[in-house]
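Below you'll find the structure, written out as structure tokens, and then a few comments.
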Amino acid sequence: MPTAKSTKRRKPHWLLRPLKWLLWLIVFSVLWVLVYAVVPPPVTFTMLADRNGITKDWTSLSDIDRNMVRAVIAAEDGKFCSHRGFDTEAIEEAIERNARGKRLRGGSTISQQTAKNVFLWQGSGWTRYVRKVPEVWFTFLIETIWGKRRIMEVYLNVAETGIGTYGVEAGARRYFKHGAARLTPREAARIAAILPLPKKREAVSPSGFTRRYGNTIAARIGQVRRDGLDGCVYD
């Protein structure tokens, strides 16, 4: 029969087990991010779940036209170079907008989208809320370990740019029959315009909202250039 003394000795063992699991998860996640700091992510959960197959072609940021970088900053995250992974103002605006019952809108930065695309899963409903905690953690890690240039490079290579198509290189070849190294502002803007819904929006002959949105992004590219909003990517 166990004594009171032996029972007391066992308690720390059971209390420490969850902490050990958490520590292992932290170590694994840090090592995962460290590996992807120098190695291109071979595949993502989103790609594996895509029934349309996977068409992608990893391309160094130096071989991607700067217009494409400026286009995604203009479209997705104008404060990319000034925040530390999270745009608190955009998050607050999204919460207020959604609370008023208007069209659901997120406040995710390019860093958050990269963390989600590379290390986590897509999804809506309750799974989206479950994903938020690890998304914050991985966003913190890539901001700390990778830096802005690597975040942008990975984002432009893993973002879904069409049905079964991933990355701006594959997207450029699909829509414009040439690589991402020589995208015009108009072409880059059209790719950026379809990023939120690449399966439903058309980059080649857009109409309606997608056409107007693409034109808006193309105009904003000049502002990104003039204000140096892409400076952190090329320092």
Side-chain angles (χ1 to χ4, degrees), residues 36 38-44 46-48 50-78 80-81 110-111 113-114 116-118 122 146-235:
Y36 282 177
V38 293
V39 176
V43 71
T44 67
T46 303
M47 295 176 189
L48 291 173
D50 196 331
R51 297 180 180 179
N52 299 294
I54 304 172
T55 299
K56 64 185 181 71
D57 187 0
W58 178 273
T59 305
S60 170
L61 190 64
S62 59
D63 293 323
I64 297 175
D65 197 288
R66 195 161 180 168
N67 282 320
M68 191 69 247
V69 173
R70 289 169 173 161
V72 295
I73 288 177
E76 301 288 319
D77 189 359
F80 178 67
C81 285
I110 287 175
S111 301
Q113 293 177 49
T114 304
K116 178 186 69 176
N117 289 341
V118 175
Q122 306 293 327
W146 289 4
K148 298 293 187 179
R149 181 178 175 85
R150 181 61 173 177
I151 290 172
M152 180 61 72
E153 182 174 57
V154 174
Y155 175 72
L156 292 178
N157 275 282
V158 301
E160 189 177 9
T161 52
I163 298 175
T165 307
Y166 294 86
V168 297
E169 177 68 21
R173 294 193 178 279
R174 172 176 181 157
Y175 300 121
F176 308 117
K177 311 307 178 186
H178 61 74
R182 55 186 184 90
L183 287 167
T184 67
R186 184 183 182 187
E187 291 170 340
R190 287 189 172 181
I191 291 177
I194 68 170
L195 284 179
L197 294 167
K199 289 184 173 69
K200 297 181 179 180
R201 296 180 180 176
E202 178 58 55
V204 177
S205 300
S207 60
F209 171 80
T210 305
R211 183 186 183 90
R212 295 192 300 273
Y213 186 37
N215 291 339
T216 300
I217 295 171
R220 289 177 181 170
I221 287 176
Q223 181 182 351
V224 173
R225 181 184 66 251
R226 289 190 301 272
D227 295 346
L229 300 181
D230 60 339
C232 62
V233 179
Y234 295 98
D235 286 344

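From a predicted model like this one, the values you see are computed outputs, not experimental measurements.
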field: Test side chain to side chain contact (heavy atoms under 4.5 Å, CB included) applied to Asn215 and Arg212, step by step
entry: CA-CA 5 Å; Asn215 291 339; Arg212 295 192 300 273; 5.5 Å; no
field: Under-4.0 Å salt bridge between Asp230 and Arg66
entry: yes
field: For Arg220, salt bridge (Lys or Arg N to Asp or Glu O under 4.0 Å) partners two or more places apart
entry: none
- prompt: Distance-only, no hydrogens or angles: does the Asp227 side chain make a donor-acceptor pair with backbone N or O of Leu229 under 3.5 Å?
  reply: no
Carboxylate-amine/guanidinium contact Glu153 Arg149, below 4.0 Å: no
- prompt: What distance separates Gln113 CD from Asp77 CG, expressed to the nearest 0.5 Å?
  reply: 8.0 Å
query: If only atom types and distance count, is the side chain of Thr210 paired as donor or acceptor with the main-chain N or O of Pro206 below 3.5 Å?
result: no
- prompt: Taking all atoms of both residues into account, what is the closest heavy-atom pair of Ala75 and Ile217, and its distance?
  reply: CB-CD1, 3.5 Å
message: Checking side-chain contact (heavy atoms from CB on, under 4.5 Å) between Tyr166 and each of Ile54, Asn117, Thr161, Val43, which is the one that passes?
response: Ile54
- request: Measure the CD-NZ distance between Glu160 and Lys56 for me, rounded to the nearest 0.5 Å.
  value: 14.0 Å
query: Do Ser205 and Arg211 come within less than 4.5 Å of each other through their side chains, counting heavy atoms only?
result: no
Check against side chain to side chain contact (heavy atoms under 4.5 Å, CB included), Ile151 and Ser111: CA-CA 6 Å; Ile151 290 172; Ser111 301; 3.9 Å; yes
query: Given the rule in the side chain to side chain contact (heavy atoms under 4.5 Å, CB included) test, do Met152 and Cys232 qualify, once you have shown the distances and angles that lead to the verdict?
result: CA-CA 10 Å; Met152 180 61 72; Cys232 62; over 6 Å; no
field: Side chain proximity check, Val168 to Thr59, heavy atoms < 4.5 angstrom
entry: no
Extract all donor-acceptor atom pairs below 3.5 Å that involve side chains of residues 176-193 and protein atoms in other chains or at least two apart in sequence.
| from | atom 1 | to | atom 2 | distance (Å) |
| --- | --- | --- | --- | --- |
| Lys177 | NZ | Arg174 | O | 3.3 |
| His178 | NE2 | Glu187 | OE1 | 3.1 |
| His178 | NE2 | Glu187 | OE2 | 3.2 |
| Thr184 | OG1 | Glu187 | N | 3.1 |
| Glu187 | OE1 | Thr184 | N | 3.1 |
| Arg190 | NH1 | Val204 | O | 2.8 |

CZ-CZ distance between Arg201 and Phe209, expressed to the nearest 0.5 angstrom: 5.0 Å
- line: Between the CG atom in Leu61 and the OH atom in Tyr155, the distance rounded to the nearest 0.5 Å is 13.5 Å
message: Can you tell me how far apart CD1 (Ile110) and CZ (Phe80) are? Round to the nearest 0.5 Å.
response: 5.5 Å
task: I would like to know whether Val154 and Val118 meet side chain to side chain contact (heavy atoms under 4.5 Å, CB included); could you show each step before the answer?
output: CA-CA 8 Å; Val154 174; Val118 175; 3.5 Å; yes
Minimum side-chain heavy-atom gap Glu169-Trp58 below 4.5 Å: no
- request: Report yes if some heavy atom in the side chain of Leu156 is under 4.5 Å from a heavy atom in the side chain of Val69; otherwise report no.
  value: yes
query: Would you say Ile221 and Arg226 make side-chain contact, with heavy atoms under 4.5 Å?
result: no
query: Thr165 side chain to Thr55 main-chain N or O, any donor-acceptor pair under 3.5 Å?
result: no
Straight-line distance of Ile64 CD1 to Asn157 CG, nearest 0.5 Å: 5.0 Å
